[in-house]
Amino acid sequence: MDILSGLNAAQKQAVQTTEGPILIIAGPGSGKTRVITHRIAYLVKTCGVSPDRIIAVTFTNRAAREMKERLEDLLGASVTDLTLGTFHAICARILRQRGQDIGIDRNFVIYDDEDQLNLMKQAIVDCGLDPKRYSPRAFLSAVSAAKSQIITPQQYGERAQSQFEKFVHQAYQRYQQSLAICKALDFDDLLVKAVELFNQSPETLSRYQSRYLHVLVDEFQDTNIVQYTFTKQVAGRYRNVCVVGDPDQSIYTWRQADIRNILSFEKDFPDARVFLLEQNYRSTKRILNTAQSIVSVNVQRKPKELWTENEEGSPISVVESYDEEEEARFVAAEVERLLKEGKTTLKECAVMYRVNAQSRALEEAFLRYGIPYRLVGGTRFYQRREIKDILAYLKLIDNPHDNVSLKRVINAPARGIGQRTVDSLWQWAKGSGMSVFDALALVGDASGGSPFTGRAQHALAEFNTLVRNLTDKSKTLNATDTIDLVLDQTNYKNYIMDDEDGEERWENILELRTVARQYNSSGSNGGLSSFLEGVTLVSEADTYDDKENVVTLITLHQAKGLEFAVVFIVGMEEKLFPHARAFDNVSEMEEERRLCYVGITRAKKLVYLVHAQRRTFLGATTANPPSRFIDDIPSDMIKTILTSPVASVSNWGPPLQSFVPQTDAIERARIRLDLHPGDHVRHTKFGEGVVVGFSAARGDEEITVAFKDVGMKRLLLAYAHLEKVE
DNA sequence: GCCTCTGGATTTTTT
DNA sequence: ATCCAGAGGC
């Protein structure tokens, strides 16, 4: 019975109760993933359930990947038969297979945020509204909120009260029409249409219901109404549905996650067994108690007491720094110290913050100290312009109706097709009931009513030839070769290399080719569709790599589901964390609290809560009191640290030679400092000087500087505390 | 049609 | 501080 060994009583019960609906409330570090994976293994190995009759749904690809890896250890190869993936990926697959029943093209594309925004902007204009006055983003989130509750445009209209809602209603209708014309679905549609398919086609529903004997849903507190509806539909026949979640870790209600689903579950499945996993295996007693003291202030909360057999542990360090620079410096120096004392490794450390903008000061400090780090998130790979351009070409090849992609690439690289020309092309196509793609082929045909002459006509005709050429030639090519074809035919490299950071952009494109390679095996152009779907449905958080030995810089939101020995939470100040926008809303304030709870419970051994006396943000310096969350921690849990105010002014402390920096850290230091021979620099100790040159030394890079006062000095670049003087 | 300048906004972002 | 979109000039 090795599947059950090592599980505690509650975990065992949760694994062994295989019949009927069950709800598992799983605190942080309580072995949630362990329970899910062992439950699946138990079903397969002990109960003899065929893996293809199990569906396990997660929210992130990262969670899906982790689950898959753990299952491979437990089960071996049969994991491939299991349906395991995100809601979106699973629904996309269902719609590819059966979506035709409700009029969805097999080749539909999936529109990401940017595509959606383009379409919505156009929809607003089409409704005769001014997109400056009516923010497309606001409309889009209203539409997304509606979709996540399965509210159709029509239903939305019936309920619309305010003028805003009435306008949203119009735009929503229009937006859906545009999606249909483009044969595109947005993220929310994947869910909504799957549910609609099940509603409209009882045979299809019954097919899936009969197949899935067991349904498992992870992070159930983050489900919205559509996702819950989908879950109920799939589980409708056998009712062996197991949902796992923790209301205290619900931090995505602003994305329409609905904690009420947990209550609804108990109502929809009155016979549901409920299991509580309250033993924590991750954190010290102090960490766990601190986290609970913060979250238990919440009123809208079902009480739950976590406990651990782990040691008492060190006190929580509450650190006050002078400003955000000193804060960052403290973190870097503390990581350095812990490392030197052998208390931790780089990859065991994480720095968490409320907003992405806070990462800059941290990055700078880590660069100066030469401590390798990885920033999670930031500008996302798949949202970079050059990547989106190439993907738009591919999408267009895959689906000629995709007008958003067509518009994107029609003048990238620039080929003399401007806004006016684009507008009249769209007008003409719409007026004569053609798709834009078809209209494009007729631009030279004056008898067909083409409004184009001269230069514009020529440019459009050229573009048409290009696109037809790409479409024809790519038919027999795999994903990588199709990318190469696009690059070649559009001369994209030259275009991108004109750019200031063209080199980097080109490397991104090469990276995209690498990603595409793994889809090549799907054979000819089938690979292209699955490649496109794959890249649209992944996020940057998935690139988090726990094997790389570097410090992790991450937002609190993205940190959910991870664990580290040492956690620094920086920016623990009122109006930053809790965020200013949460102040006039009790529910939002409670969500901030949960977010803090999530952050603290990521830690195994040490927690630092750092706040700064003043902080420069958006160009203005403000002073805010320490976060109220700190006040909620019992004082015997805390050790207060004041960083030296003197140290904050200009002293970066002595160079830290104990640490050998990675080469990429040096390179980044060089890029960040942007130093070249001849530049004037200032050093905190040596004063002003001129950069003489760079040289390789001991595997590192040295910078040679001629200082006014102390003469020529050689400094290790990664450690040189140099400031450029203009 | 392309380039540059200015003004507005800037929480979090599983997909 | 900084990034982006749209307006207006060349």
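Letters A, B, ... are given to chains in the order of the sequence lines, protein chains preceding strands, and every chain is numbered from 1.
Using a cut-off of 4.0 Å between Lys/Arg side-chain N and Asp/Glu carboxylate O, A:K32 and A:D246 are scored as not salt-bridged. Contact check on A:K193 versus A:E196 returns a salt bridge, with a Lys/Arg side-chain nitrogen under 4.0 Å from an Asp/Glu carboxylate oxygen. In this structure, A:R408 pairs ionically with A:E114, as a charged nitrogen and a carboxylate oxygen lie closer than 4.0 Å. Salt bridge absent: A:D389 and A:R384 never bring a charged side-chain N and a carboxylate O closer than 4.0 Å. Using a 4.0 Å cut-off between a side-chain N of Lys or Arg and a carboxylate O of Asp or Glu, A:K560 and A:E219 qualify as a salt bridge.
We find that CZ of A:F583 is positioned 15 Å from P of B:dT11, with the value rounded to whole Å. Distance, A:Q358 CD to B:dT10 P: 18 Å, rounded to whole Å. One can place CG of A:N61 at 10 Å from P of B:dT14, the figure rounded to the nearest angstrom. Summarising the geometry, the separation between CG on A:L576 and C1' on B:dT10 is reported as 13 Å, rounded to the nearest angstrom.
Residue side chain A:H579 meets the stacking definition with respect to B:dT11: its ring centre sits within less than 5.5 angstrom of the base's six-membered ring centre, and the planes differ by less than 30 degrees. Evaluation of A:W254 against the base of B:dT12 yields a stacking contact (centre distance < 5.5 Å, interplanar angle < 30°).
Using a 4.0 Å cut-off, some side-chain N or O of A:N411 falls inside it from OP1 or OP2 of B:dC2. Residue A:N356 has a polar side-chain atom (N or O) positioned under 4.0 Å from OP1 or OP2 of B:dT13. At B:dT14, none of the side-chain N or O atoms of A:T58 fall inside 4.0 Å of OP1 or OP2 (strictly under the cut-off). Taking only side-chain nitrogens and oxygens, A:Q558 comes nearer than 4.0 Å to OP1 or OP2 of B:dT13. Contact annotation: A:T421 side-chain N/O to B:dG1 OP1/OP2 distance is under 4.0 Å.
Within residues 121-137 of chain A, the residues approaching DNA chain C are A:K121, A:K132, by heavy-atom distance under 4.0 Å.
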Under 3.5 Å, which donor-acceptor pairs link side chains of residues 569-583 of chain A to any protein atom two or more places apart or in another chain?
{"from": "A:E573", "atom 1": "OE1", "to": "A:R615", "atom 2": "NE", "distance (Å)": "2.9"}
{"from": "A:E573", "atom 1": "OE2", "to": "A:A612", "atom 2": "N", "distance (Å)": "2.7"}
{"from": "A:E573", "atom 1": "OE2", "to": "A:R615", "atom 2": "NH2", "distance (Å)": "2.6"}
{"from": "A:E574", "atom 1": "OE1", "to": "A:R628", "atom 2": "NE", "distance (Å)": "3.2"}
{"from": "A:E574", "atom 1": "OE1", "to": "A:R628", "atom 2": "NH2", "distance (Å)": "2.7"}
{"from": "A:E574", "atom 1": "OE2", "to": "A:R628", "atom 2": "N", "distance (Å)": "2.8"}
{"from": "A:E574", "atom 1": "OE2", "to": "A:R628", "atom 2": "NE", "distance (Å)": "3.0"}
{"from": "A:H579", "atom 1": "ND1", "to": "A:R581", "atom 2": "N", "distance (Å)": "3.1"}

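Among the atoms of the strands shown, none is found under 4.0 Å from any heavy atom of A:R455.
Remark: A:S264 engages no residue in a side chain to side chain donor-acceptor pair (under 3.5 Å) (not counting sequence neighbours). Not a single side chain to side chain donor-acceptor pair (under 3.5 Å) links A:E324 to another residue, sequence neighbours left out.
Residues A:L556 and A:V598 are not in side-chain contact: their nearest non-hydrogen atoms beyond the backbone lie 4.5 Å or more apart.
Reading DNA chain C from its 5' end, the first and the last nucleotide to sit under 4.0 Å from a heavy atom of chain A are C:dA1 to C:dA7.
In this structure, the nucleotide among B:dT15, B:dT14, B:dT12 sitting nearest to the side chain of A:L537 is B:dT15. For A:T86, whose side chain is taken as the heavy atoms from C-beta onward, the closest listed nucleotide among B:dT15, B:dT13, B:dT10 is B:dT15. Which of B:dT14, B:dT12, B:dC2 sits closest to the side chain of A:A257 comes down to B:dT14.
Residue pairs meeting the salt bridge (charged side-chain N to carboxylate O under 4.0 Å, His left out) criterion with at least one partner in residues 410-427 of chain A, sequence neighbours excluded, are absent.
On a pure distance criterion of 3.5 Å, no polar donor-acceptor pair joins the side chain of A:R581 and the base of B:dT11.
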